[in-house]
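Notes for the one structure printed next.
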Amino acid sequence: MKIGMILDAPFPPDPRVENEAVSLVKAGHDVFLFCLKYGNEKASEVINGIQVKRYASNQLEYKLSALAYTVPFYSILMKKKIHQFIKETNIDALHIHDIRIAAAVFNANTAFNLPVVLDLHDNMPEVMKLYPHLQKFPGKYIITPSKWKKKEKEFIEKADKVISVSPEFLENLVERIPSVKDKLVLVPNTIRESFYKDFKVDKTIIDRYKDNFVLLYLGDTHIRRGLQTAIEAVSSLKHIIPNIKLVIVGRNTTDVVLKQQVADLNLEKFVDFEGWQNVSLFQSYILSSAICISPLHRNLQHDVAYANKIFQYMSLAKPLLVSDATAQRRVVENNNTGLVHKDRDVEDFSDKIITLYNDEALRNELGQNGKQFIENEFSWEQTSKKLIHLYNNLLS
């Protein structure tokens, strides 16, 4: 098939989009990727077999995207670009990445009547409730997550197939919209085998932390990711584990809050903010750690979506400590790959760290369980099979 993927963002980077597209190319399909450009990027190029087509956008369109379901301007502007993309590529099917651009795609498709696959990366209406600009004027009054939820339902009902990232997300959709049960397909965000089989170790990172008992966090550091819990726990854990070090690899605009907390607790010697680092260094950070953490706050988004970091941690045989957000709790408990603490409970977080600190054999056992789970069941090479099956049978 000739598959047209629609992404309303620049490409690269987008690991999920790339993983899906590359797997479909390897399975014999042609993949054309519609994406946006805000500068002098090439209008067309081939990346890992993906035929990338970039359409010029600007800051006004970007800002209008937040208002996609308040006023129709963004969808009208994108519809023209998508119509052009479909005509130029002569594709057989459309694959929409998330709902922000979905109205534009469905409107453009009325002239072509192609089958549509809707790929829900996130529970977008719930994620939006957590955005800082929706907590205050003017966003609070002009962007309504409930409208996005209604639109999401409309798009799910219109699509021929709907992909999502976790069993919990699919359960939530079936509960909300029972009629769509048969069109749902699970394609979780997992990691490629190359992440844990083909990498170089950065010795400077290993040497820097060789004398520390490292708690590692990788990824977006927004307040809702729970790092305030870990930081507060370190203030008491340092008396029990003198060489403890919380290493945070990632960043967010809310880092000012985390850094102020570290300063207020006099923890500068015990917490390292590494900022964003190249993905090629992730393995070295993981290998330098003793325990890897994902202390997510519980909410309707985190309960139904995995953080990809937990699979990166597992693939290199590290024990996890995660909060009881439903999706990650289930995968950790069902596969015995780590311990679970109550969301935002500093004492419970600390107790679980101490348990793991005092029991190296347990740490090793949990780490090996995680490694085997990824190798045998949960690498991208395994979980992408449902995506390939979907497209091999879509037209039939």
Legend entry - side-chain hydrogen bond (donor to acceptor under 3.5 Å, both in side chains) contacts touching residues 24-34 (sequence neighbours left out): His29-Asn392
Legend entry - Aromatic ring proximity, centroids under 6.0 angstrom, His97 and His121: yes
Inset, instruction - Please answer whether the main-chain N or O of Ile99 pairs with a side-chain N or O of Glu152 as donor and acceptor at a distance below 3.5 Å. - result: no
Inset, instruction - Just do the salt bridge (Lys or Arg N to Asp or Glu O under 4.0 Å) check on Arg100 and Asp8 with the steps written out, would you? - result: CA-CA 8 Å; Arg100 186 167 47 206; Asp8 65 335; 2.7 Å; yes
Legend entry - Note, Phe195 side chain near Trp380 side chain (heavy atom, < 4.5 Å): no
Inset, instruction - Look at the side chain of Lys79 and the backbone N and O of Ala103, then say whether any donor-acceptor pair between them is shorter than 3.5 Å. - result: no
Legend entry - In one Ile/Leu/Val/Met/Phe/Trp/Tyr side-chain cluster, 4.5 Å: Ile6, Tyr74: yes
Inset, instruction - Kindly compute the distance separating OG (Ser284) from CG (Asp202), expressed to the nearest 0.5 Å. - result: 5.0 Å
Inset, instruction - Answer with yes or no whether the hydrophobic clustering places Ile163 together with Leu173; edges join I, L, V, M, F, W, Y residues whose side-chain heavy atoms lie under 4.5 Å apart. - result: no
Legend entry - For Ser294, all residues meeting side-chain hydrogen bond (donor to acceptor under 3.5 Å, both in side chains), sequence neighbours excluded: Gln328
Legend entry - Donor + acceptor pair across side chains of Ser323, Arg344 (<3.5 Å): no
Inset, instruction - Please test Asp272 against Arg208 for salt bridge (Lys or Arg N to Asp or Glu O under 4.0 Å), starting from the C-alpha separation and ending with a verdict. - result: CA-CA 11 Å; Asp272 283 0; Arg208 191 190 319 161; 5.3 Å; no
Inset, instruction - Evaluate the side-chain proximity of Leu237 to Phe270: yes if any heavy-atom separation is below 4.5 Å, no if none is. - result: no
Inset, instruction - Report yes or no: does Asp359 contribute a side-chain atom to a donor-acceptor pair with the main-chain N or O of Thr355 at less than 3.5 Å? - result: no
Legend entry - Within one Ile-Leu-Val-Met-Phe-Trp-Tyr cluster: Leu366 and Phe349, side-chain cutoff 4.5 Å: yes
Legend entry - For Ile286 against Gln312, the heavy-atom pair lying closest together: CD1-O, 3.7 Å
Inset, instruction - Determine whether Ser57 and Met78 make a side-chain contact, defined as any pair of heavy atoms from C-beta on separated by less than 4.5 Å. - result: yes
Inset, instruction - Spell out, as yes or no, whether a donor-acceptor pair under 3.5 Å connects the side chain of Asn243 to the backbone of Asp211. - result: yes
Legend entry - Leu390 side, atom CG; Ser384 side, atom OG - distance, nearest 0.5 Å: 12.0 Å
Legend entry - Cation over ring face, Lys81 and Tyr55, 6.0 Å, 45°: no
Inset, instruction - Walk me through it: do Lys352 and Asp348 pass the test salt bridge (Lys or Arg N to Asp or Glu O under 4.0 Å)? - result: CA-CA 6 Å; Lys352 299 292 166 51; Asp348 192 29; 3.1 Å; yes
Inset, instruction - Would you check if Phe34 and Ile91 make a side-chain contact, meaning some heavy-atom pair closer than 4.5 Å? - result: no
Inset, instruction - Mind telling me whether Phe112 and His83 have parallel, tilted or perpendicular rings, with 30° and 60° as the class edges? - result: tilted
Inset, instruction - For Glu168 and Asn172, test the side chains for any donor-to-acceptor distance below 3.5 angstrom and give the result as yes or no. - result: no
Inset, instruction - Please tell me if the side chains of Leu321 and Pro319 come closer than 4.5 Å, counting only heavy atoms from C-beta onward. - result: no
Legend entry - Flag if over 12 foreign heavy atoms under 6.0 Å of NZ, Lys371: no
Inset, instruction - Check for a donor-acceptor pair, side chain of Arg363 on one end and backbone N or O of Leu356 on the other, with a separation under 3.5 Å. - result: yes
Legend entry - Lys151 vs Glu154, salt bridge (Lys or Arg N to Asp or Glu O under 4.0 Å): CA-CA, chis, key distance, verdict: CA-CA 5 Å; Lys151 282 293 183 181; Glu154 176 188 322; 3.5 Å; yes
Inset, instruction - Before giving the answer on side-chain hydrogen bond (donor to acceptor under 3.5 Å, both in side chains), spell out for Glu274 and Tyr285 the whole-Å C-alpha distance, their side-chain angles and the decisive distance to 0.1 Å. - result: CA-CA 10 Å; Glu274 296 288 282; Tyr285 279 105; 2.5 Å; yes
Inset, instruction - For the pair Ser379 (side chain) and Glu375 (backbone), establish whether a donor and an acceptor sit closer than 3.5 Å, ignoring hydrogens and angles. - result: no
Inset, instruction - Consider only side-chain N and O atoms of Asn369 and Asn335, and report whether a donor and an acceptor are under 3.5 Å apart. - result: no
Inset, instruction - Give a yes or no on whether Arg251 atom CZ has more than 12 heavy-atom contacts from other residues, nucleotides or ligands under 6.0 Å away. - result: no
Legend entry - Same apolar cluster: Val162 and Leu186, side chain cutoff 4.5 Å: yes
Legend entry - Lys245 side chain vs Tyr209 backbone, donor-acceptor pair below 3.5 Å: no
Inset, instruction - Would you please name every residue forming a side chain to side chain contact (heavy atoms under 4.5 Å, CB included) with Asn58, sequence neighbours left out? - result: Leu60, Glu61
Legend entry - Flag if over 12 foreign heavy atoms under 6.0 Å of CD, Glu347: no
Inset, instruction - May I ask you to test the Met5-Leu24 pair for a side-chain heavy-atom distance under 4.5 Å? - result: yes
Legend entry - Check: Leu114 main-chain N/O paired with Asn109 side-chain donor or acceptor under 3.5 Å: yes
Legend entry - Check: Ile50 and Val22 side chains under 4.5 Å, non-hydrogen atoms: yes
Legend entry - Backbone N/O of Ala159 and side chain of Lys183: donor-acceptor pair under 3.5 Å: yes
Legend entry - Stepwise ring pair (Phe, Tyr, Trp, His ring centres under 6.0 Å) check, Phe32 with Phe85: CA-CA 9 Å; Phe32 297 84; Phe85 168 76; 7.1 Å; no
Inset, instruction - Go through Asn364 and Gln368 one step at a time and tell me if the side-chain hydrogen bond (donor to acceptor under 3.5 Å, both in side chains) criterion holds. - result: CA-CA 6 Å; Asn364 291 336; Gln368 287 302 315; over 6 Å; no
Inset, instruction - Give a yes or no on whether the backbone of Leu281 and the side-chain of Asn278 come within a donor-acceptor separation of less than 3.5 Å. - result: no
Inset, instruction - Report whether Phe73 and Val105 are members of the same hydrophobic cluster (ILVMFWY, side-chain heavy atoms less than 4.5 Å apart, transitive linking). - result: yes
Inset, instruction - Check the angle between the aromatic planes of Tyr357 and Phe213 and answer parallel, tilted or perpendicular using the 30° and 60° thresholds. - result: perpendicular
Inset, instruction - State, with a plain yes or no, whether a side-chain heavy atom of Tyr306 is found less than 4.5 Å away from one of Asn189. - result: no
